Amino acid sequence: MIKDYGFVYFKNILLYESYVRCQEYVNTLSDNPEEPPSKGTFDMYDDLVFAVFVPETVSRLCGSVILDWPEDGFAGCLENIRANVEDQFSIEFGGIFHFGLLFDNLHLFSEQEQIDWTLRMNQLFEGMNGSFMNFLEFYKAFFMTQFFGGDSKSYTRYMNHMKYTFIIYFDIECHTVDDYGPSFMNAYMDFARFYREFYEDLVGEIKKRKKVGVA
């Protein structure tokens, strides 16, 4: 079968330009803008290699958006899980979205408000494809029962933190470059905007409640 290089090139251009458009939009919201790699980084006349194109582009997008990072103990737990899972499965982490600000300040909100904020957090990821997953679910599915000691206290002590953490991951055996094309990039732009709005609203509410508490 003769390869249609014109079709391949056109498809690759669409994928690349959808990513650039997404990155440029995300940069307008970001304190950590990332420059997209040049078109010359990739061979546009051949099928884009998933392991080269997708982790590179998505990790840049995540790095431009993330506003919250886990504290050292939980970060070490996440890194240990990541290293083991990537070593044993065809899975690679793309980005970790930890909602530590919400988790650490839940006590400032009523029970119903806690439910509302948690629901709003979960809804941020509903428009994305199956690459996003709550980290507690990921931990139970890929680590807790798969590795010796995966259910030890050094991990289970952070299960409440995991409820307020989401991961974007790639399964090299299941996902394709097309899974991260224009549809994904459009959804990610919406996600980035709503994520930023979530944190702006959350910071405002926390400041308001702490001010009332001091008064």
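Note that the structure is predicted; figures quoted are calculated from it, not measured.
- Smallest separation of non-hydrogen atoms from A141 and M133: CB-CE, 4.4 Å.
- To the nearest 0.5 Å, atoms CZ (F132) and CZ (F138) are separated by 13.5 Å.
- With E34 contributing its side chain and S64 its backbone, the two residues share no donor-acceptor pair below 3.5 Å.
- Hydrophobic clustering of Ile, Leu, Val, Met, Phe, Trp and Tyr side chains at less than 4.5 Å, counting indirect connections, unites L124 with F109.
- With sequence neighbours left out, S110 forms a side-chain hydrogen bond (donor to acceptor under 3.5 Å, both in side chains) with E113.
- When all heavy atoms of F74 and P70 are compared, the closest pair comes out as CD2-CB, 3.5 Å.
- Across every non-hydrogen atom of S18 and G181, the tightest pair is OG-C, 3.8 Å.
- Tested against C77 for a side chain to side chain contact (heavy atoms under 4.5 Å, CB included), the candidates R157, H161, M162 yield a single pass: M162.
- Looking at Y195 and F125, their side chains never come closer than 4.5 Å, going by heavy atoms from C-beta outward.
- Classified by interplanar angle (parallel below 30°, tilted 30° to 60°, perpendicular above 60°), the ring pair F89/F147 is perpendicular.
- For N122 and E126, the side-chain atoms include no donor-acceptor pair closer than 3.5 Å.
- The hydrophobic cluster containing L106 also contains L67, counting ILVMFWY residues as joined when their side-chain heavy atoms lie under 4.5 angstrom apart, directly or transitively.
- Nearest approach of E92 to I172, heavy atoms of both residues: OE1-CD1, 4.4 Å.
- Side-chain atoms of M128 and I168, non-hydrogen and from C-beta on, never get closer than 4.5 Å to each other.
- Separating the CD1 atom in I206 from the CG atom in L102 is a distance of 7.0 Å, to the nearest 0.5 Å.
- Within the 4.5 Å cutoff, the side chain of L78 has no heavy atoms near those of the Y139 side chain.
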Checking side chain to side chain contact (heavy atoms under 4.5 Å, CB included) for the pair Y25/R193: CA distance, chi angles, key distance, verdict?
CA-CA 9 Å; Y25 174 76; R193 175 164 56 87; 3.2 Å; yes
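- Counting heavy atoms from C-beta on, the side chains of V26 and Y188 come closer than 4.5 Å.
- Note on Y199 and W69: same hydrophobic cluster, where clusters join Ile, Leu, Val, Met, Phe, Trp and Tyr whose side-chain heavy atoms are under 4.5 Å apart, directly or indirectly.
- Shown here for R60 and Y19, the closest heavy-atom pair between the two residues is CD-OH, 3.3 Å.
- Tracing side-chain contacts under 4.5 Å through hydrophobic residues (I, L, V, M, F, W, Y), one never reaches L29 starting from V65; they form parts of separate clusters.
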Taking it one step at a time, do K140 and E137 satisfy salt bridge (Lys or Arg N to Asp or Glu O under 4.0 Å)?
CA-CA 5 Å; K140 289 179 177 179; E137 296 175 7; over 6 Å; no
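- Side chain of D151 to backbone of M144: no donor-acceptor contact under 3.5 angstrom is found.
- Remark: L108 CG to K207 NZ distance equals 14.0 Å, nearest 0.5 Å.
- Atom CD of E24 sits about 8.0 Å away from atom CD of E35, to the nearest 0.5 Å.
- Taking SG of C22 as the start and CZ of F184 as the end, the distance is 7.5 Å to the nearest 0.5 Å.
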Is there a side chain to side chain contact (heavy atoms under 4.5 Å, CB included) between Y169 and V85? Walk through the geometry before answering.
CA-CA 11 Å; Y169 71 96; V85 168; over 6 Å; no
Audit row: K210, N105, side chain to side chain contact (heavy atoms under 4.5 Å, CB included) steps and yes/no:
CA-CA 10 Å; K210 286 186 174 180; N105 289 281; 3.5 Å; yes
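- For T118 (side chain) and I115 (main-chain N/O), no donor-acceptor pair under 3.5 Å exists by modelled atom type.
- Put simply, CD1 on I96 and CD on E79 are 8.0 Å apart, with the number rounded to the nearest 0.5 Å.
- Using a 3.5 Å distance cut-off with no hydrogens or angles, the side chains of D190 and N186 do not pair a donor with an acceptor.
- Scored by the side-chain hydrogen bond (donor to acceptor under 3.5 Å, both in side chains) test, S183 finds no partners at all (sequence neighbours excluded).
- Taking the side chain as every heavy atom from C-beta outward, D68 and F97 never approach each other to under 4.5 Å.
- Of all the heavy atoms in S59 and P55, the pair that sits closest is OG-O, 2.7 Å.
- Residues meeting the ring pair (Phe, Tyr, Trp, His ring centres under 6.0 Å) test with Y155, sequence neighbours left out: F143.
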Let's go through E17 and R21 carefully: what are the C-alpha distance in whole Å and the side-chain angles of both, what is the deciding distance for salt bridge (Lys or Arg N to Asp or Glu O under 4.0 Å) to 0.1 Å, and is it a yes or a no?
CA-CA 6 Å; E17 289 184 350; R21 184 169 62 252; 5.9 Å; no
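- W117 is listed as a side-chain neighbour of F198, based on a closest heavy-atom distance under 4.5 Å.
- Side-chain contact between L15 and P182 is present, with heavy atoms from C-beta onward closer than 4.5 Å.
- Residues H175 and Y180 meet the side-chain proximity criterion, which asks for heavy atoms closer than 4.5 Å.
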Verdict with supporting geometry, R196 and E200, side chain to side chain contact (heavy atoms under 4.5 Å, CB included):
CA-CA 6 Å; R196 186 86 180 191; E200 289 173 351; 3.8 Å; yes
